Amino acid sequence: MKILIIEDEPKTGKFLKKGLAEAGFVADVAADGRDGLHLALTESYDLVVLDVMLPGIDGWGVLREMRRAGKQVPVLFLTARDQVDDRVKGLELGADDYLVKPFAFSELLARVRTLLRRGNAGQVLEITKVADLELDLPRHRVVRAGKRIALTVKEFALLELLMRRQGEVLPRSLIASQIWDMNFDSDTNVIDVAVRRLRAKIDDGFDVKLIRTVRGMGYILEAPEP
Ligand code: CA
């Protein structure tokens with residue numbers, strides 16, 4: 001899951017990026033409205049955290065241009081305490097939620113998770129199921145055939161990506177950028193090792209294997225044909 005943070009205060013941007021990384025998200029930070037809008041229009045994100053007061057183009061301008069360009073990605077905007085009209089304005093312009101500064105990181109994380117669960121089309125994606133494997137997002141829990149499986153933050157994020165895009169071959173480059181914030185040229189051995197570990201937890205001891213390697217292409221998670 002990839003998040004774009006558009007925030008001009010370096011300290012806040014850094015703090016958000018670090019916190020989101022610890023929670024298993026990859027985040028890019030843009031320090032002004034122009035860069036932020038450019039990234040929002042050219043890259044693919046699952047969510048945008050948007051500060052209102054920004055140099056270049058302000059948060060409203062960024063949001064307006066994103067929606068005009070047809071970008072339906074969920075937007076959580078950050079507003080100052082004394083700007084009471086911001087809330088209405090932001091929601092009118094097509095933002096999905098807001099937070100008043102200063103806020104606790106736990107509060108931001110809760111809002112982010114809720115918005116991501118809702119997805120782009122507004123549907124609730126709380127529990128994803130593939131065969132007898134269940135991923136419970138709100139409770140951060142994975143169960144296979146009724147048995148609880150303990151995963152690390154990265155393994156959980158990796159499984160979530162594979163399950164959300166079940167039946168699709170995911171190239172290592174895509175997994176790298178979505179989960180590890182790495183470029184295609186980086187050492188992809190990290191990904192192979194992580195997938196191997198995840199597979200050992202998900203598939204070992206079960207007759208039906210859900211995660212497969214597609215030689216020369218990447219990885220796929222799917223329920224086999226009956
Ligand atoms: Ca600001």
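In this text the structure is predicted, and so the values were computed from the model without any measurement. One-based numbering, in listed order, for ligands and for the atoms of each. We count residues from 1, following the sequence as given.
Taking backbone and side-chain atoms together, Thr12 has no N/O/S atom less than 3.0 Å away from the Ca ion (ligand 1).
For the Ca ion (ligand 1), the nearest N, O or S atom contributed by Asp51 is named OD2. Atom OD1 is the N, O or S atom of Asp8 at the shortest distance from the Ca ion (ligand 1).
Side-chain heavy atoms closer than 4.5 Å link hydrophobic residues (I, L, V, M, F, W, Y) into clusters, and following such links, even through other members, never connects Val143 to Leu159.
More than 12 heavy-atom neighbours from other residues, nucleotides or ligands sit within 6.0 angstrom of NE2 on His140.
For Arg144 and Asp132, the salt-bridge test passes: some basic side-chain N is under 4.0 Å from an acidic carboxylate O. Between Lys71 and Glu65 there is no salt bridge, since no side-chain N of the basic residue sits under 4.0 Å from a carboxylate O of the acidic one.
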